[in-house]
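Only one structure is covered here, and it is reproduced in the block below.
Ligands are counted one by one from 1 in listed order, and the atoms in each one are counted from 1 as well. All of these numbers come straight from a predicted model, not from anything done at the bench.
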Amino acid sequence: MTAPKYAVPYVNLPEQTAAIKRELLASVERVLDGGRYILGPEVSEFEREFAAYCGSKLAVSVANGTCALHLVFRALGLGPGDEVITVPNSFIASSSSIALTGAVPVFVDVGEDLNMDPARIEAAITPRTKAILPVHLTGRPAPMTDILEIAKRRNLFVVEDAAQAVGATLDGKRVGGFGRAACFSLHPLKNLHAFGDGGMVTTDDAEFAAQLGRGRNHGLRNRVECEAWSFNCRLDEIQAAMLRVQLPRLDEQTRERRRLAKIYNDRLRDVVGVPDEGPGESCVYQTYVVLADRRDDLQQHLIAGGVEALVHYPLLIPEQPAAESLGCDLGKLPVAVRLVKKILSLPLYPGLAEPQQNRVITLVRSFYGR
Ligand SMILES: Cc1ncc(COP(=O)(O)O)c(C=O)c1O
């Protein structure tokens with residue numbers, strides 16, 4: 001195991017993996033010996049287990065979270081002339097997955113909690129709007145009650161971008177079961193992760209799940225017939241087997257993330273904006289994001305002190321060169337524009353030791369002269 005570059009790295013995947021390495025290797029061996037490497041029993045079992053975990057009827061595994069979103073939008077029939085309402089402060093894939101169908105992402109502003117502000121949705125709806133894509137950013141559930149109410153009244157699909165939020169709950173219900181479908185990423189930095197790329201879609205609709213199952217596999221209806229052009233974006237058996245080792249441990253890891261977040265919240269509240277949970281929310285802290293004055297200087301102060309702090313994400317999606325043709329008016333997104341200069345992700349992961357967390361806290365406090 002190579003020594004981390006920072007006294008407090010942003011994550012420490014080799015250390016987290018070490019505890020379950022034996023079981024992971026045994027699961028890989030099971031696949032190697034079984035001889036089924038694509039769409040075999042590990043994938044089917046993991047899909048069943050993941051759906052049960054999320055409280056949804058079905059889950060369809062795919063190659064990554066971006067494919068999950070794109071396949072869902074394609075399956076909903078989105079194309080040129082359609083619009084999807086989403087947020088500007090997510091990872092680019094939330095919007096690229098819409099744009100790649102030919103539809104247009106339409107950005108609405110967020111609240112102080114960094115999630116979609118439902119009060120902004122109605123004004124963004126046009127006759128072309130087909131769907132709403134809230135993102136459960138940082139692992140905090142978006143305000144689904146209000147979003148679902150608007151979507152129902154205006155006859156729009158809701159797709160959850162749950163890439164960062166596996167296990168998060170709102171009013172006791174896990175994300176993944178609120179809309180027509182929900183999309184998860186199993187990227188190595190996510191709370192439940194593959195050793196490489198992976199993604200999942202959850203849905204309660206059997207025909208929709210079957211459509212996604214064909215969509216991830218060349219559009220094949222059976223071994224011979226292709227019903228519509230599509231991609232090859234399947235989850236590998238080896239990844240599914242290793243994910244099955246981790247899923248039963250996810251809740252324990254989430255409890256640890258929540259414990260660490262509470263310590264940060266309690267000890268940093270007087271110097272930076274901390275992510276307190278709103279009513280009914282139970283967050284999973286895929287990222288622990290504070291709102292900091294003089295953010296860039298604080299980040300440098302932390303790095304100089306051996307703490308790897310990151311910004312997720314330094315550019316709003318409409319500011320990306322790829323989004324230029326959308327001609328989005330940033331003046332309509334004042335909260336996102338203000339908060340993007342303040343967000344800073346501090347190290348938070350199961351295995352973060354008390355002295356490491358203390359070091360982060362001491363450095364943040366000392367930056368503000370406290
Ligand atoms: C909010 C969000 N949406 C979508 C994605 C895309 O997932 P993936 O990297 O697995 O393609 C990510 C992952 O980084 C994400 O954070």
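The existence of a salt bridge linking Glu252 and Arg249 is excluded, since no basic side-chain nitrogen approaches an acidic carboxylate oxygen closer than 4.0 Å. With salt bridges taken as basic N to acidic carboxylate O contacts below 4.0 Å, none links Lys130 and Glu83.
A ring pair (Phe, Tyr, Trp, His ring centres under 6.0 Å) check over residues 59-108, counting only residues at least two apart or in different chains, returns the pairs His70-Phe231, Phe91-Tyr313.
When the shell of 6.0 Å around NZ of Lys173 is examined, it contains more than 12 heavy atoms from other residues, nucleotides or ligands.
Of the listed residues (Arg174, Arg258, Arg257), just one forms a salt bridge (charged side-chain N to carboxylate O under 4.0 Å, His left out) with Asp251, and that residue is Arg174.
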Would you mind writing out a table of all protein N or O atoms found under 3.5 Å from any N or O atom of ligand 1, naming both atoms and giving the distance to 0.1 Å?
| from | atom 1 | to | atom 2 | distance (Å) |
| --- | --- | --- | --- | --- |
| ligand 1 | 3 (N) | Asp161 | OD1 | 3.2 |
| ligand 1 | 3 (N) | Asp161 | OD2 | 2.8 |
| ligand 1 | 7 (O) | Ser185 | OG | 3.4 |
| ligand 1 | 10 (O) | Gly65 | N | 2.8 |
| ligand 1 | 10 (O) | Ser185 | OG | 2.7 |
| ligand 1 | 11 (O) | Gly65 | N | 3.3 |
| ligand 1 | 11 (O) | Thr66 | N | 2.9 |
| ligand 1 | 11 (O) | Thr66 | OG1 | 2.5 |
| ligand 1 | 14 (O) | Lys190 | NZ | 2.9 |
| ligand 1 | 16 (O) | Gln164 | NE2 | 2.9 |

The test is side-chain hydrogen bond (donor to acceptor under 3.5 Å, both in side chains); show your working for Gln300 and Asp297 and say whether it passes. CA-CA 5 Å; Gln300 288 314 310; Asp297 292 341; over 6 Å; no
